[in-house]
Structure formats: C-alpha cells, structure tokens
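Everything numeric here is computed off the predicted structure, so don't read it as measured data. Here is the naming used below: chain letters follow the sequence lines, and residue numbers restart at 1 for every chain.
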Amino acid sequence: MNTSVQELTKKDFIPEGDVKWCPGCGDYSILSSVQTVLPTLGIPKEDFVFISGIGCSSRFPYYMATYGFHTIHGRAATVASGVKMTNPKLSVWMVTGDGDGLSIGGNHTMHIIRRNMDVKILLFNNRIYGLTKGQYSPTSEKGKVTKTSLMGTIERPINPMSFALASGATFVARTTAANPKHMQEVLRAAADHKGTAFVEILQNCNIFNDGAFAKYLNKETKDTENLFLETGKPLLYNNDTMGIKLEGGTNPRLVSVENSGDSSEFLVHDPHAEDSIMPYLIGQLGVDQEGLPTAMGVLRAVVKPSYDELLHEQEAESIAKRGSGDIKKLIYSGELWTVGAGDPVNMDA
Amino acid sequence: MNTSVQELTKKDFIPEGDVKWCPGCGDYSILSSVQTVLPTLGIPKEDFVFISGIGCSSRFPYYMATYGFHTIHGRAATVASGVKMTNPKLSVWMVTGDGDGLSIGGNHTMHIIRRNMDVKILLFNNRIYGLTKGQYSPTSEKGKVTKTSLMGTIERPINPMSFALASGATFVARTTAANPKHMQEVLRAAADHKGTAFVEILQNCNIFNDGAFAKYLNKETKDTENLFLETGKPLLYNNDTMGIKLEGGTNPRLVSVENSGDSSEFLVHDPHAEDSIMPYLIGQLGVDQEGLPTAMGVLRAVVKPSYDELLHEQEAESIAKRGSGDIKKLIYSGELWTVGAGDPVNMDA
Amino acid sequence: EKLESVTIRFCGDSGDGMQLTGTQFTTTSALVGNDISTYPTFPAEIRAPQGTLAGVSGFQIHFSSNDIHTAGDELDVLVAMNPAAFKTNIKDLKQNGILIVNQDSFNAGNLKKAGYKEDEDIFAKWRSRIRIYEVPISKMTMEALKDIDMMARDKERCKNMFALGLMYFIYNRPLENTEKWLESKFGKKKLVLDANVAALKAGYHFGDTCEMFQNTYEIPKASIKPGTYRNITGNQALSIGLLTAGQLTNLPLFLGSYPITPATEILQEIAAYKNYKARTFQAEDEIAGIGSALGAAFAGSLAITTTSGPGIALKSEFMNLAIMAELPLIIVDVQRGGPSTGLPTKTEQTDLLQVMFGRNGESPIPVVSASSPSDCFYTALEAARIAIEHMTPVVILSDTQSAIGSEPWLLPDIETLPKIKFKFHTNADTYKPYDRNDMLARPWALPGTPGCEHTLGGLEKENISGKVNLSAEAHEEMVRIRAKKVENIAKTIPATQVYGEQSGDILFLGWGSTYGAIRSATEELLKRGYKVGQAHIRHINPMPNDLGNIASRFKHVVIPELNTGQFNMIFRAKYLIDTKPINQVNTKPFNVSDLVKRAEEIIGGKA
Amino acid sequence: EKLESVTIRFCGDSGDGMQLTGTQFTTTSALVGNDISTYPTFPAEIRAPQGTLAGVSGFQIHFSSNDIHTAGDELDVLVAMNPAAFKTNIKDLKQNGILIVNQDSFNAGNLKKAGYKEDEDIFAKWRSRIRIYEVPISKMTMEALKDIDMMARDKERCKNMFALGLMYFIYNRPLENTEKWLESKFGKKKLVLDANVAALKAGYHFGDTCEMFQNTYEIPKASIKPGTYRNITGNQALSIGLLTAGQLTNLPLFLGSYPITPATEILQEIAAYKNYKARTFQAEDEIAGIGSALGAAFAGSLAITTTSGPGIALKSEFMNLAIMAELPLIIVDVQRGGPSTGLPTKTEQTDLLQVMFGRNGESPIPVVSASSPSDCFYTALEAARIAIEHMTPVVILSDTQSAIGSEPWLLPDIETLPKIKFKFHTNADTYKPYDRNDMLARPWALPGTPGCEHTLGGLEKENISGKVNLSAEAHEEMVRIRAKKVENIAKTIPATQVYGEQSGDILFLGWGSTYGAIRSATEELLKRGYKVGQAHIRHINPMPNDLGNIASRFKHVVIPELNTGQFNMIFRAKYLIDTKPINQVNTKPFNVSDLVKRAEEIIGGKA
Ligand SMILES: Cc1ncc(C[n+]2csc(CCOP(=O)(O)OP(=O)(O)O)c2C)c(N)n1
Ligand SMILES: Cc1ncc(C[n+]2csc(CCOP(=O)(O)OP(=O)(O)O)c2C)c(N)n1
Ligand code: SF4
Ligand code: SF4
Ligand SMILES: [Mg+2]
Ligand SMILES: [Mg+2]
C-alpha cells in the first residue's frame, strides 16, 4: 500500500481498469511519460493530485493511480488552486486541452499563471475538440475545415506560449507527445519549478486531426522545423547549420541565417532573464512566423514567490502578530453591553 | 431628430438626465472626449452602438445619446460581437473596466481580439473595483492594500497591452483620461482602424484609488515617466534628452540612455510591423520594467481582415455558389418517399 | 409467417458500421410501407479500444404494419457482431427472441476483452431461453469477396452488409434501395462498391440456401397517411425548423453556440446553410454563445443559442438579461443525463425546473417542448413565433431521445406553415422603448434606425419609457408586467387535444419525448377496454388554460416523466390535484408495457 | 411624555454621515435599555453628485420599551438634511409625524438638484399633515464651532453631530456613549474631536433652550433577556458564524469569492481573520470562487463561497459537481432585487427556486435560511454541520434585509455552541470512496493520505466503489441515494416551534428575514384575540417532517414571501393544501400593518 518514496516505480502510478482513448491517440504517450517521471521526483505517491477539466485529455486523472479530480469544462485551474492553497505540500498537476484550457477556460489559465500558483499545467494541444468529435479549437490553424467550419475557419489561432508569457508565466515550455525523451526532460524541469509551470504538449488526435504536427516528425522536415532550446547556447538548428538572430538594429526582426561557424552572432537562449521579451520572441518562431523553426524546450524559467507560499506567509505573520484563533474573542468583540438586574453597562467602560 | 452626418455636433451625443459618477471621477473626461470625437467621424448618429458590462465605467452607455446596451458583468464583448456580425455597417464600441474586461471578462476579451472582430474596445483602467467600493483588480499593483487585501495583494498585475498583443491584437493603444487631447487622437485612430481596436485608458478613481496615475501628471515626474509614441520616430522622451535602445546583441535588453544628439542608435517606433515583438517590448516599458518611462499612444496598428467581414464574404460566396434560401428545397431534401394509393416510391428514383 | 411488428437491434464495435446498417434497414422498411421508429445507442467514448465493452455501438429499429410511436420495448432480434456487443445487449432480448452472432468474432481475444474467460461457453445459460444462430459472418464475407482484389481487412469490413443482407432475407425486404445507396456512395470506388454489394447479396442468399432459418417473416404494409416522407432525427428537424423560421420571417438566422453532446449536431447542421443567411458562431463558451445571440437579436437577427444541461447553468445569467431586455431569443436545451457531466449520451427530462426557475429574481420565461423527432420541426416554428410576436426569450426543451432518434416525417406543404406576424419599429416620433401592444410586447427597433436610439440594460426600469428606475412602484409594475406578458401567450395557443377517452379513469398528462410510449400505452389500454385519455402538451410555460378543466374529467391524472416529478410538482401546486406520477431515471426511455402495467395498478387501486 | 416605541430615520446626502449618526443613536438607545432594530438605505450609486436624489442615504432606527422585531413601518420622525432627502423619504412619515430639516440646505441650488423649482414652497402641502421643524442646523453648527481653528467646510461637516445631539435631547438620551466613541475615533485629532463634541452638545442644548420643542419623550427600558449584547448586522453575524465553525471543527476556513453587492462584506469581514486560518481568495469570477472552494474542500478546508443572485447562475455548474463529488461546501446567497442586475441594493426573497432547482439533472441540495441579522450566526453553524456531517454542499439563503440590517445580539455562551461530529478517513484498508454511513454520507479522505488515492468526477458512478459507471442500474441507484441523503437530514433537525396558538384560524408559515414582520403581526393579531400561530423555518430543504401535521391544525395556512410565491409552490405541491400566499415584490420589507390587515381579511373570509 504505502511504498516508500525510494521504492516508487512506474507501476505504482498505473491503476487497474482500461484506458479508453482511441487506439493511436497521442495521449497514451503522455500518460506513459508522466508515469515514468513521477517516481523519480522523490515525492510520496499520496502527495500527487491530478486535476482536469473535460475533454479526451481531461480523462487523464482516471488513468493515474494518484489522487485526482475530473472536474468541469474549463475550470480545472480553479479547483487546482483551491487544493494547493489548502495544502501547499501537495504536488498539484493540472491536465487540460486546447479547448478546455484556452477556449472556455482561457481566463482561469491566465489568472492562475498571473498568480504564479504552484501548479504544473499540462496543456494537450491537438488543435481540435476531440471529445465532441472534431470541431475547430482556438489553436486550429486559420482556414481549417471542420464540422463547424465547412468553408474554413475565419479566426486566427492563439499561441499558447505568447498567451502564457503575457500572463506573466514564470515557467513556459513546449514539447511533443511524439518525443517521449524530450517530453520527460521538460516534465522533470516543470516538476522542479516552484510556481506555475505551463507546458504545451503537441499531441496528435489521429481520429479528428491526424498529422497536425507531422512536419515536426517527418524525416524530410524535422531538422528544419524543430529548434531545440538549450540554456546558454545559441539558437542553432538543422544540425547547427542554421541559426536565429535579431536583425535591423533600430527596428529589429527575427531572421534565420546560415551558420558561418562563428555562432557569436546568434541569439543566445537565456530562460532565466528577468523580462519575458526573448521567450516571447522565441515562442513565436515557426508558429506565428512562417519559414522559421519551432522552438521546443523550456522558453522561460524564473524564480518568483508562488501565491500559495505568500498566502501562508501572511497567515503565519498574522498569527505571530495577533495570536491564533479564539472563539470567545471572536464573538465577544466590538461594542458590548450587558443587561442584568440593573442598567445596561457598556463593557468597554 | 435625424441630423445629417455633416451637422452632427457634440450636443447630439449628450442625452438628457444626469450623469451619476462621483464628482471628480476620471470617467467624466472620457465621456466628454468620446462625445467630442464621434461627430467628427462622418458616421450617422444612429449607427453608433455602445455596449458595456457592469461597473462604474460600464454605466457609460446611459450617458450617450446613441444605441446602447448595459449588459452583464464581463460579457460585453460577446454581445458586441453578435451586434457586429448581424449588421457590419454599425460602428460598435465596447466600454469595460479593468475588472469587467480583465478579471471576469478576460477570456472574452482575448477571443474577440483573436477574431479581430471590428469593435472598438475602451478599457477604463483605474486599477480597482469601483462600483463594489474598492477591492483590488487584476491591474492593481502587487502589495496594494484594499478592503480584501488588508496585508497587501500577493498577485502580480496583468499588463493589458501585453495581454492584448499576445491575443493577436491588430490595434493596441494606451492613453490617459487626464490628457483629453492625447486621448482624442487615440480615439480617432481607434475609430479609423478596421478590426478590433484595443485602447487602455488610465482613469483615476478619486474615491477608492486616488492618485494611481499621479506620476504621469506631476510636474516633477511627468517628463521622465511618459514616452509619447510617434510612428517612424525614435523612442525619445524627457524632451528628447533620453531614449530607449536594445542592448546586448545576442541577449538583448531594453535600456534607457542619454540622447547624445545622434538619435540613430535608438529604437524607431513602427506600429505597422507585421509581428508584434516591438509593441510587446514597448508596452512593458515603465509598467513591467521599473525606471523606464511608460509608452503612451498607438503601440500597434496592422491591417487584417475582420471576422465580421470574412463571415459575410463566406455567406456571399455560398449564395453565389448554391443560390439563396428556399424553404421547399430545405424541407424536401434527403432520401424521400411518397406514400399514395399504391406502393411507396423512392423519390430519388 | 405474418407478423404485426418487429424490433431489431444491430450492435457491434464502433468500427463495425452498425449505425449505417441500421439506417439502411430503416429506409428499406419505410419503402416497403412499414411504419418505423429507431433509436441508436452510442458509447460515451470516441473510439474505445476495439472489442471492449466501452466501444459497443448499437442501432434499434421498430417496424410495423401498424402505426407505431416508439423504437420498441424488448427485442425480437439481436444481431451481435462481437462478445462485447452480446454482453451489453443480450438482456434486452425477449423470451424466445432471435440472437444472431458473428461466430468468427467470438474468439479467445474478444472474449477476454469483453471480460469473459477465454474458454467460457457464454451462450450456455441462454440456450434454453432464446433462439441462437451462430453464423460465420466474417468467413463467409471473405469467401464471397475472394475474387475481388482488395486487402483482407477491407473485405472483412464489408461484414455488416452481409448481416444486413441476411436480415433482408429473413424479413423479406428488397435489396434495391441499399444497392442504389451504395452506388451513390461508392460510385467512384468501383471495388468498394462491388465488395459491399457482393457481401449484401451473399448474406441474402445465405439465408435463402442454408437450413438455419426455417421460416421467414412478412410484415404487411401499414396504412400510412399519404404524402411525401423522409426519415429524420430530432436534431435535424429542429435545425430545419429554425432555418424555416428564418425564411418565413425573412430574418437572418444567428446561432451562437458552443459544442456539447447531444446538441452539437444542430450547430453542425445549420453551419451548412450559409446561403440561407444562417450565421453560425462557434463561441469560446456557452456564455459567449448566448451573449452573441442576444447581441444579434438586438441588431435584428432571429437569434438562437443551443446547448445541453450543463450549458444552461452558464447561460442563465444572460437568459435573465434577455428577459429584462425583452428581446426575442431562442434557447435550445437538448436534455441529457445529469446531474453535472452525468451521462452525456443518455436521455432524461431533468432540466425542466432548471429552465423554469434557474435564475435570480422573478424571471418568467416561456418554455415549449418537442414530443418526437419530427415534432422538433414544429416546436422550433412555435418557439420562433412566440419569441418574435411576444418579444421574449423562449426555451425549447428537446432531449437525447428525440434528438438522435428518428422516424418518418410526413413533409408539410409549404403553404400551410404557420405565419409569424411582426414588423420593426422605425417611426422615431412614436417610439418608446418599453411601449406595449395588446399582448404587452414592446416594439423592436434596430440600431441603425434614425431617431430610435435607446439603451437597454439589466437594471430595473420603468414601463413605456424604459428608463432605469429602482423605485418600489416601477419594480412592482415591471414584475407584474413580465409575468402577465408570459401568461398572455396562453391566449394564443390552440385547445389541448385529448386522444382516446375525453373523460374516465385515467388522463395521461405528459410532455416531451415520452409522447410515443404514452401514446402506445394509451392505445393498448383502450384496446383492453379502459377509459383512458392522453393529453400531451407542447407548452409548459404558460400551460394551456384548459388543462385544469380536462384533468377534472378524469378520476386519476397520471404524469409519466423521465425525472423524479418535475412537471408534476408545478401541476400539483397549480391545481391541487393528487396526481399519480410515474417516474423513471435510469438512462432509458419508458417501456410501453411498464406504463400499461402501472396504469392498470392505478385503476385497480393498487397504486 | 412616555412612549412605547419610536421610529426615526436620519437621511441626507451620502456625504452627510447619516449611517454614522444612526449607528450612534442605536448604541446609545441600546445602552439606555431599549430594544432596537435598524435598517439602512443606500443609494445604488457610489457617490452620486452632491445634493441629487440618486445620492440620498438613510438610516432607520426603531427603538422601544417592548421586545421588537422590525425596523418599523411608518416613521415617527424624519430628519432630512437636504431637499433631495426630504423628497425621497417624506412619504414614509406618518400622520402628525415630526419632520426636522436642515433649513440652511434648503436653498435654490439644492432645491433645483432635487428637481424642485428654485422658489417652490415644498412644505406647503405637508404643513397640515405633519409637524415641521425648520432648524438652521448648519449655521448653528458653525456658530458653535466659531472658536475652533478649522476650515469652514470641515466645521460644516460636523452638522450631523448637531442633529444627533438634538435627537438625544428630544428622546432624553445621554451623550456619554457618543462622546466616548468620538474620543476613541478622533483621540489623536484633537481639533476634530473638539469640533464634533461641541456640535453634539450644541444640538442638545439648542433643543433644551429653544422654544421649538415643547415636550420631550421618555421611552422606558424594555425588559430584555439578561446577558451580554452587541449590535450586529447579518453579514457580520454570518462571517462570525463561519469563523466559529472553523474553530469548532479545527478546520482551516477557505472562502473563494468574487465581490458583489450585498455579499461583498462577508468576504471583507473574513479577510480580517488570517490569524484564524481563514483564507480568503478573491477569485477572477464567481466560477473560480466556487471552483477554488470545491478544491479546498477536497483538500480538507471548511470551504465556502459567497455571492448574490446573479452570481448563483455562474456557480450552478460547480454546485452540481459538488453534489456528485459529495464534498462539504457552503454556498452563501445574499439575495437582492432581480431579475438580472435588477436592484442591487434592495431586498427580496426571489432566489429560492433558483438555488433549489437551478441545475441540470436531478440534483438535490440542502437549503437553510436566516431569519434575522443575528440569526445569520446560527444559520452558518447549522450549514457547516450539515455540510460536514452529511458530506454535501449546502446553500445558505440570506438577503439584503438581514445582511445590512442590525439588531442587538445576545451573545451565546461558548460552551453551548453546537458540536460538529466528523473525522477524516485515514485507514487505507477500509477505504472505499463512496462507502456510506447510516446517514448515507461518504468518507472524507484527504489528498496526502497514503493508500486512500481516489479520483472524483462529474460522470455518474457506482455506489461504494465510486468508479465511473453509466449503466441503468448505477444511475437509478445513485439518483435515489443522492435524494435520500438529503431527506435524511430532516431526521437531525429539531421539531418546529409554533409561536402563539398551536391550532386555530391562521398559521403563518414563513422563512428568512420576513420573520420579524410576521412575528410582530402575529403578536398584534393575538392581542386582537385571533387564534394565530407562527411557524418560521430555517430548513427549506429538506423541510421539517412535522410541517404537514402542524399545518393541518389551522384553518388557513398563510405564507408571506417577498417574491411571487416560491416556497408556497413547493409547499402546495407537497401537501396539496390550499395555502393563502401574501406576496410583495417592491424593494421593501413587509409592513406589519399590511400583514395584520391581510390576515384579518382572510379570517373574515374576504380573501
Ligand atoms: C460546460 C460544458 N460545455 C461543453 C462541453 C462539451 N465539451 C466537452 S470536451 C469539449 C472540448 C474538448 O476539447 P479539448 O479541451 O481540446 O480536449 P480534447 O478532447 O481535444 O483532448 C467540449 C466542448 C462540456 N462537457 N461542458
Ligand atoms: C456576475 C456579477 N458578479 C459581480 C458583480 C459585482 N460587480 C459589479 S462591477 C464589479 C467590478 C467593477 O470593476 P471594474 O470593471 O474595474 O469597473 P469600475 O467600477 O472600476 O469602473 C463587480 C465585481 C456583478 N454585478 N455581477
Ligand atoms: S478523439 Fe482524438 S484526442 Fe480523443 S481519444 Fe480519440 S484520438 Fe485521442
Ligand atoms: S467609485 Fe471611482 S470609478 Fe466609480 S464613479 Fe466613483 S470615482 Fe468613478
Ligand atoms: Mg483538443
Ligand atoms: Mg476598475
């Protein structure tokens, strides 16, 4: 029952009962990676809590042998916040989808990030509504034809990275379900971050949006489409033959150029920078700026106090200053008077 | 009654009945500026629609002699979208507050911007909940003491400019109710923009958050705290004695330096740039980056098709292709059969 | 052998094409002149792993030589394509019913997936009770297609056509219709077409040649009302109804919606009619769906929002604003199993009180309901009429059963469709935002109309002028007017029809998709000589004024609902009649036989 | 001259400090031994421009030598500091009542702002009906402060103390209490202190010396239950009640809320008790407020969310999830005028049906209500008890009247406070998430407990194991269990007390803040010799089991509600009794005299 932290293995996180995603769904690989990473974190199994909204992705908690809550559509962030504020020692993970977390739930996503609540957010981005069988989502590419956009969508997708950064995210990363090794590194980094960790996981829905991320996998294109981020390293890709730099001094733009060998000209990745300008830039590569590769990895990781931390600090301070709760004091305060045999007497007197 | 567009004056936009904001409220100046700008736009009075949520700011439509809708808290963007999609020839304005538009309504704000719905959004930012008498808002500075944060808030404010830009805003501007001239220029620019125009208006709530924006007005500080943006001009301020540049090539940061006279080193303001990188940078000045001045004016203005426009294009295209509606066709379609005297007959036969 | 009516259910893995098979059997049966009614059952999962219980999908058809109203209680025939399908459906097969299974799929692997032991004889305990036919459907399909140059797994996928052909044989139906349909579908893909046709015929001939099926069955033509028909689901009918209302009023249609089972199809249906000036807006959530619709109504659209149970909670605040703004707005609630996320693919009538009362303050709203798939069309027209003529939001209550069930729809002749009377107010001199007509409806003046500028809002206001007014007098008057305005609608609705006896022992009083089951029960009870009548109402708020009078003519008022007694509570409170509710909340529609039984108990004083 | 009871209303501009003046008169009156009840009236605007009608603020005090239950029907005395205040309040002054106005503020400017003609004699039509005293309050205040070195406008702001002093004289009250209070408030600001005290005394002596007021009045001590008292509003009492529940259970308090009038104060109150482990979370909206609270409940907090009418719509979806998850959660609804944004500062009882039924599916939830400001304390404790002992969300219905009204609260002795029995489940071997105790409550096991890992959710589940299960059997059973679980609560509540006659002509059956008015009406009717009883319930769902029996002992069951008959509908449907509802929806609490009149009509068969 109660395995010690050291002995925890992947098996401890696999519940009985079958997993009901479509065969071939990218969600399976994410599940397996999470179950692989958790036992390595040195956290007791009973301290993990997985909270989700509604969607295929949000079925996740049922497939984890941890505490879990499959809540309602778009609202997982609120429940996760309540859990964390009540018991900060828990390791709280939120699982959501591009519809759950960015369509109906976009506002809560913004606010939990802004507050830097110590919750790990895994956003499964398959650029489609899976559970409702294939309508476009806020991350679907413009012009996409779906059951509700027969002539193609007419709205521009949101970039989850930009959204999270503008919301003040202290940790932002992108990875893909098709690359378990990279995904597990990112998951570990997220787990180690104190504060909100926002992770976009590109996930293939092979039933309603198959091949959405093929370009990151195809032999022919993957080298030119992926840019793997490494702290302190220049932004190089295509086996270091290409790199990204900022051009045009007073009116800078991102451009990709051949790597002459001297890589000093290229932008260097610094996820720890105080401001979010470079991460914002890098997050747009490929996604908003055609012809450039897409950044994979940790875009930003800075340390700021988390909301739950500050909340409990204020509580401790208040107790230190005013002493802890006391029913009698609570009720018998304000302007009191007693009515007895004689006249009423003002108690403050 | 029906004044021709040419003859319209400010008076035409002032309804009978008194305005009920607190004496000294910044909202009065915004109202007056809007009433000043509208008659100059060449739009018939009856084509203006003002839609708001709930809040002191959201009382705005009652004080305009135009069509208006004082809806519910945080949802003005949705109603405005419905109006615009139904009748694109209307000039639709949305009035909201920092609570209405960024707390409860943040998600709708993100999505209306993402869709580039042709609506002018005026966000009155007084960094407080006015109508409910003084609780902190998502734009309140961290540590602010209010009725609900007696030991100071523990959440970091959202920067409306960054939020709008990350949402894909095609027009983003900041101005202040204390500077009617500047405000009116910005309002005019917003009105002329086709697509979502997002305007943050700094507004003083003299009852619950007095002096929130004093530094932009005080004699001693205003020159060093304001940076007025001009298209194609370098980012200079403090009477052009100081300027903003991007420093540190491979790992760029924004810095402020003395203006030696040769201003070629400074960043040049280009609101029309395709990507939103520079506006994102400039929007953070002062607000997220202490010690630098705050940018006032139009941060971004790029032309993209609006949602309502594309919607009606698809409709026209569909009518052209398939002919317009026909009840008979509508009902008598699919696999039909008739039951008569004889056997049922398959009509497709 | 001649039979009156038969109920068949095809079931198998989501991948086995059971829905398609069922639909084909349905149209063919319609064409041979039977009356029909169908009901599909979907798994809650998208595509649960092949062969698992969670992945079973089914399609039920009730066809008859009589006029029928339900998809049938018990099954006469169950076609199960794999062990999982057998396990989850067998209990619905009646005594001596026919079970046909695809023998080839009852292998160790599939048995395990269905939670049986690999070597378990799963038919053992059934042999005595039912007639079991183990047919090697897969093998014989492969055999039939051996000359066709196609991958084995593609051939195997034709097995549903084999099963269909077999059923056509047993029930004496022609293959033409399905052949024609296959052509239209696979015309271009010659191989696929040939393969499917071959499988279909093979199934038919197998029945013919093998000894298994001693006798085949005749289900004579039903005497059906002459006219043109199409088979239709409730979601389709509702969509067509709304589109028709748009055409009749010449208003652009605006549907602001957010996908949710089982309402999603309406959004998808209407999205296909851009050339009808039908504008669909997939909003970021339910709130934005109704908010955009309310804005569209303000600007002059025939505005609609569609959702299911959980979505109503999110729309309630805007429904209340619509009540205050007095704008026409149609809110469609396709009820599903609750509470909370509940049972998204199951049917229930449990949202009635939510739509009636789920808002702060005194906020009366008209509510209409649909009693069958095709009735959704007329319900939509009536909702549009009320919304526009009375300037009010209106709720349409549908449910999973009507929404995804299907039946033949006798197509109306266009001229007979109801007219909707209204005109926009354009005269600036006479305009007062909250002026009233004789029905207490206020004028509808659109932004863009010179001189009619006005501001709507959710704060209390004074009548006529519409100016904000929070005084005791204004509030008292407006609360009264909003209530009266809804009551007035009762003056515009037809007298309630009572089917069967006009007085006697039992009045069945119902609403919504229970109509078919109650009607069949009523017919059966009348046959058995009981004095029973059925009143089934479309208008729940306001109720028809004649209900009290009708109820008073019967000894018992019996109110069957797929909830714990929601309409029953409202009716009892209003008329103080000691009604006899019949309630069921177990994911299933009523069985006719259960209703008959309970009715007999009530008459017999046993309940 | 001796009087039994007096009702005074101080009213003036928002800036005139009327709330403060009223509060002082209240505590002083309490100290001289009167029973008291108060009710403030706020403008909907924050600070409407000075002198306008929209800016008028008022405070009403009813003080008496008897035990009283309301803030009074008509006014004996109206103190109006400006024309706007006069205009908006004069109609509440009774025949021959006393009107005292600040003569100095009745100038052309203020008359115009109040919508009068500049030279209009606004008292003309009143002189015959009431006693009018025009006192130059401002001038005389300035005069009294002439030696104090202070800006004129600051001096003028002391005029409310002058008015207070004058009232103290007329009603023979000591100045000490207010003087003491002024010291504690302005102790540091010597000048301000002196100025206020001087004004207070000046007012008092003016009454004494001038000839205006021939006689002063005595209101003898009331015979009040001995004990320690404090004056308290409902929002304060509710906050203290919740904090007390946290202390009694030793659970950290979690309040997830979003500001909304009139519930905001509860959030603000509790925010001041961080040292009580009370964690307040100002969420981004109502949904996040309840969502965070539900998460907090899952993790082991005593979880609360507070809101008002329009906020409930947004919380409904989560309330339903809480019902499915079976977690303890307190939802506070401080009702205000509706529908929609409605009348944010006015009182009403119109959310009852919304909280009972405003959710999809069959979703029973316990509902308790508070009958007076101080009763909010006990209501909070009872809600906490039900939530925790029965593992269920619970709704508390308060309203504007209880929330902002105040009355003396006889402070309970701590030992007598109710106990709340529960313990967390920590034994992994015996843990089953949906196991049941004899009341059908499930065990509460917190994340962090080894071996009790489980996943909650909104999909239907099977009993005991809590595993997702959408079968007919599971759903049927769980619907029944969720209903029974709520019904069981009725077994744990005390018998309903009937005040007055235990049988007879009329039973007043009420809930919520109408208690005081109904009680006073009952007393009056008993005085007049009628056989009348009052049953006022805290538990609306489930209702006490003895209500039917009690009702049967009276000829008429009269149900007064500040709505159009919401509880009445539920009660009628349940008991089929032809109740006589008394309904009022006009922003105001009931007048005792109206209730008495209607009751007499009912007894007299005139209604
Ligand atoms: C309040 C509410 N609205 C709508 C739905 C229907 N719904 C369930 S999941 C979903 C979208 C799922 O998309 P996403 O979040 O991307 O998850 P995915 O299935 O793609 O993993 C919708 C619209 C619901 N369950 N509840
Ligand atoms: C659904 C709902 N929740 C809460 C409220 C209460 N409320 C009204 S306005 C407001 C916040 C106003 O702040 P802001 O948008 O900044 O407007 P301001 O008054 O500052 O101009 C709140 C919480 C409401 N009216 N409706
Ligand atoms: S529908 Fe798509 S996202 Fe959902 S389970 Fe199937 S493959 Fe995965
Ligand atoms: S409260 Fe503040 S924002 Fe509201 S009207 Fe008064 S000054 Fe303006
Ligand atoms: Mg998705
Ligand atoms: Mg504000």
*Report yes or no: does B/Ser52 contribute a side-chain atom to a donor-acceptor pair with the main-chain N or O of B/Ser58 at less than 3.5 Å?*
yes
*Tell me, for D/Ser257 versus chain B, whether the close heavy atoms (under 4.5 Å) come from the side chain, the backbone, both or neither.*
neither
_Part of D/Ser14 within contact of chain B (heavy atom distance under 4.5 Å)_ = neither
*Under a 4.5 Å heavy-atom cut-off, does chain D meet the side chain of B/Cys25, its backbone, both or neither?*
neither
*Which atoms of D/Ala54 come close to chain B, meaning under 4.5 Å heavy atom to heavy atom: side chain ones, backbone ones, both, or neither?*
side chain
*asked:* Quiz question: by atom type and distance under 3.5 Å, do the side chains of B/Tyr216 and B/Thr294 form a donor-acceptor pair?
replied: yes
_With chain B as the partner, which of D/Pro49, D/Ala48, D/Ala271, D/Gly55 has the greatest number of non-hydrogen pairs under 4.5 Å?_
D/Pro49
*Would you kindly say whether B/Glu200 and B/Asn125 are connected by a side-chain donor-acceptor distance under 3.5 Å?*
yes
*Using non-hydrogen atoms and a 4.5 Å limit, figure out which bit of D/Ile270 sits close to chain B: side chain, backbone, both or neither.*
neither
*Among the listed options B/Ile207, B/Thr146, B/Ile72, the residue most often paired with chain D at heavy-atom distances under 4.5 Å*: B/Ile207
*With a 4.5 angstrom heavy-atom cut-off, could you sort out which part of B/Phe208 is near chain D: side chain, backbone, both or neither?*
side chain
*So, do D/Tyr258 and B/Tyr129 have ring centers that fall under 6.0 Å from each other?*
yes
*Can you find a pair of side-chain heavy atoms, one from D/Asn82 and one from D/Asn102, that are under 4.5 Å apart?*
no
_Within the 3.5 Å criterion, strictly below it, is a donor on D/Lys315 or D/Thr305 matched to an acceptor on the partner's side chain?_
yes
_Treating B/Asn126 as the side-chain partner and B/Gln203 as the backbone partner, does any N or O pair qualify as donor plus acceptor under 3.5 Å?_
no
*Which one, B/His70, B/Arg59, B/Lys133, leads in non-hydrogen pairs under 4.5 Å with chain D?*
B/Arg59
*Do you know which of B/Leu102, B/Asp18, B/Leu131 has the most heavy-atom pairs with chain D at a distance under 4.5 angstrom?*
B/Leu131
*What is the ring orientation for B/Trp21 with B/Tyr63, classed by angle as parallel under 30°, tilted 30 to 60°, or perpendicular over 60°?*
perpendicular
_Is B/Pro138 in contact with chain D via its backbone, its side chain, both, or neither, using a 4.5 Å heavy-atom distance?_
neither
